[in-house]
Amino acid sequence: MTTSFSALPIVDVGALREPNLQAATVDKLSKELYDVFSTTGFAYLVNTPLSFGHEEIFGLAREFFTLPVNEKMRLAKKSFHPGHRNTYRGYFPVQPHLASDNLKEGFEIGNPRASHSPPIAGQKINLSEPNVWPNKSNFAGQEKLEQTYEELQAFASQLLSLLAVSLGKDADFFNTWLINSLSTLRLLHYPPGQKDSNQDATEVKLTTNEPQGCTPHTDSGILTLLHQDKTGGLEVLNASGDWVPAPYVPNSIVVNIGDLMATVSGGRFTATMHRVRTPASKPLRSGDEMGRFSVPFFFEPGEECVVVPVDGDAESIVYGAHVRKKMATFVEFQEDSGYDTGTTEEL
Ligand SMILES: O=C(O)CCC(=O)C(=O)O
Ligand SMILES: [Fe+2]
């Protein structure tokens, strides 16, 4: 269960930069992670082993989202562009007509080295389809994003070993989860809200009193590693029902537990509700005109992975079935997005 925290804790994971971890370090870090994941379910991580910084990752996000709309829509998932084959990876546009509490556009990639399977009969979403990319002449960031994915996957795997130890298991206890992992790297852009009618095409017309860039939710997978820019807006729900701001802390990334890991841990870890406020409209803002950028990495097992909870008597979960069930609640995956693209080309 989450607690009545008033700020997210900070965990220094600098020791993970060393090639060989001492047993005492494993012990210390796994205890620290256990403490935060069994209370807030969320923390800032500092001194991570990642080789890239915020400037690089948000440079890539900015480069992607400033592409012309038709170039982004060329990558749109089938639910936003019926002529396209990609159902799971690719671009989704802002959909104010569908959900005024989810005002964001996004671009998602899976494992760049994965082998791909054809769609499963009767399933509308192919979880193991290939990535789609903008033309190289328009977007130079493909290779960098692929490397970013691989580094985040490796870092998340280190954390997973520590979580296994923290739950009294061997460090490799969850290693089968890494086979054909479905982890997702998602670039997100939250356009600023705009209250008057002179908005341009990239701004969002606010239709509710409480505009949301991202509706309250828990993440579905193992854990999420989040890069956020300095705009702010992320809020985490504590046990008293208060939304606690989780602003950017310099050189940190945010980590949080997903539903699957909460279940596997027998409820020892908590998947905490969070949301993102829509960035303030232009006249109120002093900095960036484009709104907020964030880059969550959702660490996930493979589609066919049979996930066995740590308490022997609890029921196993097939990850593909778990994620499909959760997806039914996401606006990005609604059957008919109603998005009118006016184009028909296929990828
Ligand atoms: O943009 C953020 O800071 C959080 C996004 C998020 O919670 C999500 O995509 O699941
Ligand atoms: Fe989330």
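- Arg74 places a side-chain N or O within 3.5 Å of a backbone atom of Trp133 that can act as its donor or acceptor partner.
- Between Arg113 and Glu146 there is no salt bridge, since no side-chain N of the basic residue sits under 4.0 Å from a carboxylate O of the acidic one.
- With respect to Asp27 and Lys31, a salt bridge is recorded, a charged nitrogen being found less than 4.0 Å from a carboxylate O.
- Using a cutoff of 4.0 Å between basic side-chain nitrogens and carboxylate oxygens, Glu108 and Arg89 are not scored as salt-bridged.
- To the nearest 0.5 angstrom, Thr272 atom OG1 is 12.0 Å from Phe269 atom CZ.
- Side-chain N/O atoms of His274 and Asp219 include a donor and acceptor closer than 3.5 Å.
- Between the side chains of Glu300 and Thr184, at least one donor N or O sits under 3.5 Å from an acceptor N or O.
- In the model, Lys104 has a side-chain atom that pairs as donor or acceptor with a side-chain atom of Asn102 under 3.5 Å.
- Using the six-membered ring where Trp is involved, Phe107 and Phe64 have ring planes that are parallel, under 30° apart on the 30 and 60° scheme.
- Ring geometry for His81 against His84 counts as parallel: the plane angle stays under 30°, on a 0 to 90° scale with 60° as the upper cut.
- Electrostatic pairing of Asp229 and Arg62 does not count as a salt bridge here, judged by no charged N lying under 4.0 Å from a carboxylate O.
- Between Phe58 and His54, the angle of the ring planes lies from 30° to 60°, which puts this pair in the tilted group.
- Of the N and O atoms on the side chains of Thr218 and Asp259, at least one donor lies less than 3.5 Å from an acceptor on the other residue.
- Under the 3.5 Å distance criterion, with hydrogens and angles disregarded, no donor-acceptor pair is assigned to the side chains of Glu129 and Asn86.
- Note: His189 and Phe65 have tilted aromatic rings, judged against thresholds of 30 and 60 degrees for the angle between ring planes.
- We find that Glu303 and Arg324 are joined by a salt bridge, their nearest charged nitrogen and carboxylate oxygen being less than 4.0 Å apart.
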